[in-house]
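Data first, discussion second: the structure below is written as structure tokens.
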Amino acid sequence: MTNCPPPYSTVWRSLMINDEARSEVYDPNAIIDKWMTVWDELRTFEARDLTSGYEEQPRSYVVSMFPYPSGDLHMGHAEVYSISDALARYLRMRGANLLNGIGWDSFGLPAENAALKRNLDPREWTYTNIETQAESFRRLGVSFDWRTRFHTSDPEYYRWNQWLFLRLFAAGLAYRKEAAVNWCPTDQTVLANEQVVAGACERCGTRVIQRPLTQWFFRTTAYAQRLLDDMAQLEGKWPHEVLAMQRNWIGRSSGAHVDFAVEGRDRPVRVFTTRPDTLFGATFLVVAVDSPLADELCSPEQREAFEAYRKETVTSTAIERLANDRPKTGVPLGVSAVNPVSGARIPVYAADYVLAEYGTGAIMAVPAHDQRDLEFARALGAPVRVVVDTGAPDPTETGVATTGAGRLVNSGDFTGMDNSEGGAAIIEWLSGSGLGERAVTYRLRDWLLSRQRYWGTPIPIVHCDACGLVPVPDDQLPVRLPETGYTLRQEGGRSPLESAEEWVATSCPSCGGSARRDTDTMDTFVDSSWYFLRYPNPGYTDGPFDPAGVARWLPVNEYIGGREHSTGHLMYARFLVKALYDLGMLSFNEPFERLTNQGQVIMNGKAMSKSLGNLVNLQEQISRYGPDAVRVTMVFAGPVEEDIDWADVSPTGAVKWLSRVWRLTGDLPDQTAGEADPGLRRAVHLLIAGATAAMDDRRFNVAIARLMELTSALRKATDRGPGAANPAVREGTEALVRMLSCFAPFTAEEGWQRLGHTPSVSDAGWPEADPALLVEETITCVVQVNGKVRERLDVPTGIGESELREFVLTSDRIRALIGTATVDRVIVRAPKLVNIVSAR
RNA sequence: GCCCGGGUGGUGGAAUGGCAGACACGGCCGCCUUAAAAGCGGCUGCCGAAAGGCGUGCGGGUUCGAUCCCCGCCCCGGGCACCA
């Protein structure tokens, strides 16, 4: 980005022309166009870059999670951007060279569904909506630097998605495997785990089924430990619950790998367990029914039973499989294994309660000390062997597995040990014998990123019969989506791109023979995992992002968005940034320094969404109250992270306040007269200090409360105090208008102009509270008797402890209160509080 | 089941160990007005005529002092959930 801000004079003069005939009624919607134009002309919200002499200015980079263009902006958008814009404007006014980026997350399923429904091109729907939203953002007065703008569905953007994919592919971080995937029969696509809610498709609510398919993955599991460890950097800067959720999602658990020899197989079966101390109690093994291992181990005699069971499992829906109160089922595989410590021959089962994708896909079952294993053992008649004496009743009789601590029993040489020490000893023995070792497993899965959809980034791989998977060379990127010759609706989950025969047919970049393009597109979370790297230079053509721009602005200082992205988007972005760090493309390993989650806007306790109907329409609210009042209402409603019930808040209250400010700015004469009123000045500076502290803590609702107090103080001073001409009134009003511009930019600009200034008020800076004025001469001291407030006395601020004690104890009123009671103790916290403790 | 939040007037919320209820919404009263709206001003936690008492989900604890810290419980919201 290159720019230097233009001089104000010429632009401003041209805009002054029609201002003579200004209305005397506050009309918030009448001033929108005027200030939109001024900000554009003055380039008020453009970041300054290195070439224009601003290299010394501290920089700040604010990003709100970019919007998906589903129609026009709604109430939820207005909330996020009211908050992020208040923050951006504040940081800017405090002197930061600020970059506030905007783009669109414009690939994704809704465009395709809309296109199918209305029989049009997804591009048309997408880009029309983007234009609508862009205009709405401008009319909402959001201080974006519009030069950052791009859309992920632009070939100039998704080209770099492909490029990044190829770098990960080369690094072994992108790979293909067949997996049982979540399949939505209605949308005809694979879904990520995060897109499956309670066993149903997040989008259409259809029951999701399991289905094997060869899919592309990113190896996020390779970063599990670092995703966990690097959270240390985020502690205290990200919401606590987001970190907790991510920790949960990664699900680190430590224990051991144990190898069980299996008859008729060279290699042992490896299991993961968190309870190596219970190894002597492992009375059978269970292998995930849908794993290749189960298929391999199955004996010919059991084949028929196994196949029947497997078929039943695979066709069962995710809901059924996820219900954990369902009876345990399984089949014996007809082979036996050897418990490595006890030497006991134990049977091997296949069951659906063991997950193929977690751990090794096989477990050692210890029914005495694991409830699930116990239920399975009882259902299939497998033996139970108690090996930890916890003092609880025998699980064989109660049907309740004992999971507590205790002493090892029936455990060979380890008998008698405390179970935690015994576990360590068993691991040591296993390691020494080459039969196992300490191990850590994670719940986190690899990122399934291929989608059988049209409106996404084509995967830049060519399938060649001779050469296999061949990356598309960088100089042939982007692999553009075909604009014609495809059919969106395909049967049986085939990608729409398969129907674009001309597009699919290509030549192998390696051998030149005929080959086929990969027909899957990428999950849109790929697009959103790095967009913030591109804002500093969205037109950059030599790579996905401009290294100089990234060095200048990244990492993102303030990231604002919804809590729903805690384990999805935020995890993916963290992963990708770490991968790019390892590839030497970035010098930082966490993308977002500080994260703020805003709540949702609800109505009468009900969430608003497209399916449930947007109960409140943003544009209607704006036309009724004006953009500023809507913004103020959003921010004043409560702490940013709390939900806002629109039924509980009042845009009319905001309108009333804004028009009070507006009238105040019109009531001040051009010239001040007399001496500044000292009481008012102190009040003004106290309120500036209060608002500033609240802004620093991101407690915007409290900051607005201080501005409202300031408004009242100034109104009162004008009407019944030192008068509108008093310099303190002007000083306070100017401070008010400057601070107001963070929340109500249109009204603030208008007020600033009415006060006789040239725009932009955003360039006037945030007012500084004068510390000298914050000190008062006297202060109200609270006097408590036995912890209850009984009296308030004015005392000098600088009063000493003993002096204050004396003063209070000798005051007539206090002596009357104490009466004949004995004073036991006097706690003095000069100058604010004295507590007299008397015995009863 | 496990892991996080949260519970304060009629309502949204302030106060993070020291005056509970800032700032608003709503309500009531007054001024202005022929009238209404707007505006401006006052009152508004509960009980009580008042004096005063009570009061931050419930019970305990620590402290001179607890909305705030600790222990137990109840209720509400969110996340994860057959993860071995």
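Source: prediction; values computed, not measured.
Atom C1' of G45(B) sits at a distance of 16 Å from the matching atom of C19(B), rounded to the whole Å. Taking the C1' atoms as reference points, U67(B) lies 11 Å from G17(B), given to the whole Å. Nucleotides G5(B) and C25(B) are separated by 26 Å at their C1' atoms, to the nearest Å. Look at the P atom in both G27(B) and G61(B): the space between them is 44 Å, to the nearest Å. Only the C1' atoms considered, C71(B) is 34 Å distant from C82(B), to the nearest whole Å. If you take atom P in C69(B) and the same atom in U56(B), they sit 16 Å apart, rounded to whole Å. Between the C1' atoms of G6(B) and U16(B), the separation comes to 16 Å (whole Å). Taking atom P on both A66(B) and G57(B), the two are 15 Å apart, rounded to the nearest angstrom.
W238(A) and Q246(A) form no side-chain donor-acceptor contact under 3.5 Å, judged by distance and modelled atom types alone. For the residue pair H369(A) and T403(A), no side-chain donor N or O sits within less than 3.5 Å of a side-chain acceptor on the partner. R443(A) and S253(A) are not linked by any side-chain donor-acceptor pair at a separation below 3.5 angstrom, with hydrogens and angles left out of the test. Between the side chains of T441(A) and Y358(A), not a single donor N or O lies within less than 3.5 Å of an accepting N or O.
Of the residues in residues 683-697 of chain A, none lies under 4.0 Å from RNA chain B by heavy-atom distance.
Taking atom CD1 of I602(A) as the reference point, atom C1' of G78(B) lies 13 Å away to the nearest angstrom. C40(B) atom P lies 11 Å from atom CG of L664(A), rounded to whole Å. For the pair F700(A) CZ and A22(B) C1', the computed distance is 19 Å after rounding to whole Å. Spacing between atom CZ of R663(A) and atom P of G39(B) amounts to 6 Å, rounded to whole angstrom units. In this entry the distance linking CG of D719(A) with C1' of G41(B) reads 11 Å, nearest Å. Atom pair E375(A):CD and G1(B):C1' shows a separation of 12 Å (rounding to whole Å applied). What separates CH2 of W657(A) from P of C40(B) is a distance of 14 Å, to the nearest Å. Between the CG atom of L243(A) and the C1' atom of G79(B) there is a distance of 14 Å, rounded to whole Å.
R720(A) comes within contact range of the sugar-phosphate backbone alone, with a heavy-atom separation under 4.0 Å but no base atom that close. Contacts of S659(A) with the nucleic acid, taken as non-hydrogen atoms under 4.0 Å apart, are absent. Residue Y442(A) is classed as having no contact, given no heavy-atom separation below 4.0 Å to the nucleic acid. Within the 4.0 angstrom heavy-atom criterion, only backbone atoms of the sugar-phosphate kind lie near K656(A); the bases stay farther away. Using a 4.0 Å heavy-atom distance criterion, V789(A) is classed as a sugar-phosphate-only contact. Within the nucleic acid shown, R660(A) comes within 4.0 Å of sugar-phosphate atoms alone, with no base atom in reach, counting heavy atoms only. Looking at heavy-atom distances under 4.0 Å, D648(A) makes contact with sugar-phosphate atoms alone, never a base.
Its glycosidic angle being within 90° of 0, G9(B) falls on the syn side.
Of the candidates G18(B), C19(B), A22(B), A22(B) carries the atom nearest the A705(A) side chain, counting heavy atoms from C-beta on. For F636(A), whose side chain is taken as the heavy atoms from C-beta onward, the closest listed nucleotide among C19(B), C23(B), G26(B) is C23(B). Residue L833(A) has its side chain nearest to G18(B) when only C23(B), G18(B), C4(B) are considered. Of the candidates G13(B), G12(B), G39(B), G13(B) carries the atom nearest the E642(A) side chain, counting heavy atoms from C-beta on. Here the side chain of F272(A) is nearest to one of A14(B), C82(B), A84(B), namely A84(B). With C80(B), G12(B), G65(B) as the candidates, the nucleotide lying closest to the side chain of N835(A) is G65(B). Ranking A24(B), A81(B), C82(B) by closeness to the R443(A) side chain, first place goes to A81(B).
Residue pairs that meet the salt bridge (Lys or Arg N to Asp or Glu O under 4.0 Å) test with at least one member in residues 703-720 of chain A, sequence neighbours left out, are D667(A)-R715(A), R706(A)-E709(A), R715(A)-D719(A).
For R438(A), the CZ atom counts as loosely surrounded, since its 6.0 Å shell holds 12 or fewer non-hydrogen atoms of other residues, nucleotides or ligands.
Counting only distance, with no hydrogens or angles, the side chain of T273(A) and the backbone of I363(A) share no donor-acceptor pair below 3.5 Å. N597(A) places no side-chain N or O within donor-acceptor distance of the main-chain N or O of E641(A), the cut-off being under 3.5 Å. Side-chain atoms of N701(A) never come within 3.5 Å of backbone atoms of A637(A) as a donor-acceptor pair (strictly under, hydrogens ignored).
Under 3.5 Å, the side chain of Q784(A) and the base of G18(B) form at least one donor-acceptor pair of N or O atoms. A donor N or O paired with an acceptor N or O is not found under 3.5 Å between the base of C80(B) and the side-chain atoms of N248(A). At a cut-off of 3.5 angstrom, the base of C82(B) holds at least one donor-acceptor pair with the side chain of K328(A).
Checking the phosphate oxygens (OP1, OP2) of C64(B), a side-chain nitrogen or oxygen of R825(A) falls inside 4.0 Å. One finds no side-chain N or O of R247(A) lying less than 4.0 angstrom from the OP1 or OP2 phosphate oxygen of G79(B). The side chain of S566(A) places no N or O atom within less than 4.0 Å of a non-bridging phosphate oxygen (OP1 or OP2) of G79(B). The phosphate of A84(B) has OP1 or OP2 within less than 4.0 Å of a side-chain N or O from Y358(A). Regarding contacts with the backbone of A24(B), every side-chain N or O of N701(A) stays at 4.0 angstrom or more from both OP1 and OP2. Close to G5(B), at under 4.0 Å from its OP1 or OP2, lies a side-chain N or O of H240(A).
In this pair, Y26(A) and W662(A) present their aromatic rings tilted. The plane angle is within the 30 to 60° band. Between W447(A) and Y572(A), the angle of the ring planes stays under 30°, which puts this pair in the parallel group of the 30/60° scheme.
When all heavy atoms are compared, the tightest approach of L444(A) to T220(A) is CD2-O, 3.8 Å.
For the pair I827(A) and E709(A), both in contact range of RNA chain B, the more 5′-proximal nearest nucleotide belongs to E709(A). Projected onto RNA chain B by closest heavy-atom contact, K832(A) and R252(A) fall at different nucleotides, the more 5' of which corresponds to K832(A).
Annotation: cation-pi geometry satisfied between K328(A) and Y353(A) (NZ/CZ under 6.0 angstrom from ring centroid, within 45° of ring axis).
Looking at L297(A), V348(A), L333(A) one by one, the single match for side chain to side chain contact (heavy atoms under 4.5 Å, CB included) with L285(A) turns out to be V348(A).
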* Asked: Pairing of RNA chain B as dot-bracket, 5' to 3': ( ) intra-strand, [ ] crossing, | other strand, . unpaired, with Watson-Crick or G-U pairs under 3.5 Å?
  -> (((((((..(((.....[....)))((((((.......))))))(((....)))..(((((..]....))))))))))))....
